[in-house]
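As the structure lists them, so they are numbered: ligands from 1, and atoms in each ligand from 1.
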Amino acid sequence: MFAAAQSAGAQEPFSVAVVDDDPMWRFLLASALRERGWQVFDFESGPRMLDELAARAFDIVLVDAMMPEVDGFETCRRVRRSEWAATPLLMLTGLEDDHSIRRAFDAGANDFFIKSTHWPLLVERIRSLVDAAETERRLRHAERDLDAGRDARRELEQLAEHDPLTRLPNRDAFLRRLAVATNEARACDQCLAVALIDIDRFRQINDTLGQAAGDQVLRMVGERIVAALREALGVDALGAQGNAGRSHACAARFPGDEFALAIPSMRSVSEVDETLRHVRAALHRPFVVDGSECFVSTSVGVAMFPRDGDSPDALISNADRATREVKARGRNDVGWYRPTHQEENRDRFEILSGLHKAIERAEFEVYFQPWVDLASATVTGVEALLRWRRGDRQIPPAEFIPVAEDSGLIIPIGEWVLQHAAGQFAQMRRQGIALQRLAVNIPTAHFERDTLLSGLRAALHLNSLPPRSIELELTETCMVRDFEKTLPKLEALIRAGATLAIDDFGTGYSSLAYLTRLPISKLKVDRAFVGELGRCAQGAAVCKAIIALGQGLGVQVLAEGVETAEQARELMALGCTTMQGFLFARPVPAAALSSAISEAVIVARHIIGGAGAAGRARHERNTTDARGEVVR
Ligand code: C2E
Ligand code: MG
Ligand code: MG
């Protein structure tokens, strides 16, 4: 029934109103349309046409944008306020600038046509607009018939839910499904990607091959998207109707040449990228239309729930922004949503106002992450890592530490962390957890304050902690920025009982000359380098060089972010035995530290066992080689 309704379309010949103040253009246009047997009524102004419209309906109104007194935009608005508000309106414009086009749509036009004598193109445009209005009319009609029951309800659902051309869900249906999908993702703590696919320069296809060919391409695009999603995600991924809620992906057509995808249960950005790569590859194969091949490229914007928005509207509008950015960069690419400065400012402002109250409201907590020494299979220390719980959300340090640093709030926060962590650390030691050292992160601003020295003394003294039990983690940049001034400060901290570590080593650019003079006892190899281990030869080479450098300087080297047993073994083979990372233990609250330490020791023993005698021998040989190299 639905198919029949669709193919019947609107009945020709159409009655067309042409409104243009230019008599020559009016004459040309009217003659071209009359040639098709259509009834054409031409008017020199908007008000004239509106007078006539009070007495009779037209199938469509074509209206020139630029006219004296009442222009095309105002004419459109008046039609929309009239009794014949549903009449399709096509704006004729001489300007291809986005501004007029946007204004035309804002004024209520359904489409626009750039004035040219390309009559077949204009005729196709008119047909599709009148067809769409007819579908709309049937929809309303079916709605009225609904009380009478029959197939009407099904037809109504079909019309209301689907785009007649591609048979894919339309925008409204997509929004409803996306609402279900986001609720599910929220409940299951999963990510959900929303992608908008825009076909680059689709108008050229319409203009050169005709609208009918353009329609065919759109239909095929829809089919290929669905097939590619099925291939990429599995046959069941789109549900029975091609697109249900319940953890199924959904592909939809938006007005014009845009398609939308909702892809649930995504585990990572790279999984989304891979799926989209597959979809785009399918669309970039040639389309054969009426015997000729045509190619399309696509601009795709993506937003991920919950990171980039937690409502369907926010996700779609952020994916749309990403699409527009791709187009502005030159099209034919995939772009991820990035917050604008304005949004970033708003977020920063919210974080900042929250931070002001966080200490008083006791929203901060210190977590501890153990590090292990694989040579002895023991946990020798812990790093204090700040956590901020706001309502039911835990805000990651990467989001709030930079704001705290910029605003100076990092100093009271840093002092709180130092005192609080030292207190908890002392308590753990009293409870019998044998830990030698507590590492605390110190940002540059805090380092520059004299209060750091007094804070350190207080932390050690008030908690009866022995000297060298607190390690201050500083960055390379912080230490060597103003080297001659910094050095005495570092020495004073050491005299007061601290040891010093360089955090995230390898990401700064300190020269070797400075490094040899720094009174540090530890280098923490940044986790970015550790993550490269086993992936590429260069990754291993960088780790090897840093480890060798640390050994040459005679300081301990700790590898951060160790996540796999392979990384741990490779590090051991390179001569680094002190490690911190999720493989051994995640950061945990003080109360859970004891069991985290026990588990870390079990993992360490397992690694040492697996490394075997050959690995250990290689490790010792590397250690000696490395020392030799740097010292020479
Ligand atoms: P960081 O000092 O380099 O801390 C190590 C970070 O690596 C921690 O992130 C830790 O949770 C994470 N990590 C540990 N093992 C692994 C692993 O195996 N894989 C991965 N992917 N990550 C691992 P966190 O807690 O999110 O902290 C991030 C950064 O925020 C810290 O980097 C530090 O620069 C800063 N920060 C954290 N707490 C404080 C604090 O109390 N004061 C200051 N000033 N900065 C802090
Ligand atoms: Mg650190
Ligand atoms: Mg670090």
Of all N/O/S atoms in [X], which lies nearest to the Mg ion (ligand 2)?
X    : value
E473 : OE1
D503 : OD2
E383 : OE2

Any nitrogen or oxygen of [X] lying under 3.5 Å from a nitrogen or oxygen in ligand 1? Just yes or no.
X    : answer
R387 : yes
L386 : yes
Q580 : no

Would [X] and [Y] pass as an ion pair if we require N to O under 4.0 Å?
X    : Y    : result
D273 : R277 : no
R389 : E365 : no
R348 : E399 : no
R390 : E350 : no

Checklist entry - Are A398 and ligand 1 in contact, using a heavy-atom cut-off of under 4.0 Å? => result no

Checklist entry - Measuring from the heavy atoms of G414, does anything fall under 4.0 Å of ligand 1? => result no

Atoms of ligand 1 close to [X] [distance to a heavy atom under 4.0 angstrom, numbered from 1]:
X    : result
G581 : 15 (N), 18 (O)
P443 : 44 (N)
V562 : 18 (O)
V417 : 41 (O)
E563 : 17 (C), 18 (O), 19 (N), 20 (C), 21 (N)

Checklist outcome for this item: The answer for which part of L583 has a heavy atom under 4.0 Å from ligand 1 is neither

Checklist entry - Taking heavy atoms and a distance under 4.0 Å, where does E560 meet ligand 1: side chain, backbone, both or neither? => result side chain

Next on the checklist: Tell me which pairs pass salt bridge (Lys or Arg N to Asp or Glu O under 4.0 Å) where either residue lies in residues 412-425, with sequence neighbours left out.
Outcome noted: none

Nearest heavy atom to [atom]: which of [options] does it belong to?
atom                    : options                : result
atom 16 (C) of ligand 1 : W371, F582, F584, W416 : F582
atom 9 (O) of ligand 1  : E383, R527, H420       : R527
atom 33 (C) of ligand 1 : D504, T564, N441       : N441

Next on the checklist: E363: which residues meet the side-chain hydrogen bond (donor to acceptor under 3.5 Å, both in side chains) condition with it, sequence neighbours left out?
Outcome noted: W388

Got [X] and [Y] here, is their nearest side-chain heavy-atom distance under 4.5 Å?
X    : Y    : result
I410 : P443 : yes
F425 : I470 : no
T275 : M266 : yes

Checklist entry - Of the options K524, R437, R586, which is the one that meets E383 in a salt bridge (charged side-chain N to carboxylate O under 4.0 Å, His left out)? => result K524

Item to check | Identified side-chain contact (heavy atoms from CB on, under 4.5 Å) counterpart of M579 within the set L374, D373, V530 | outcome: L374

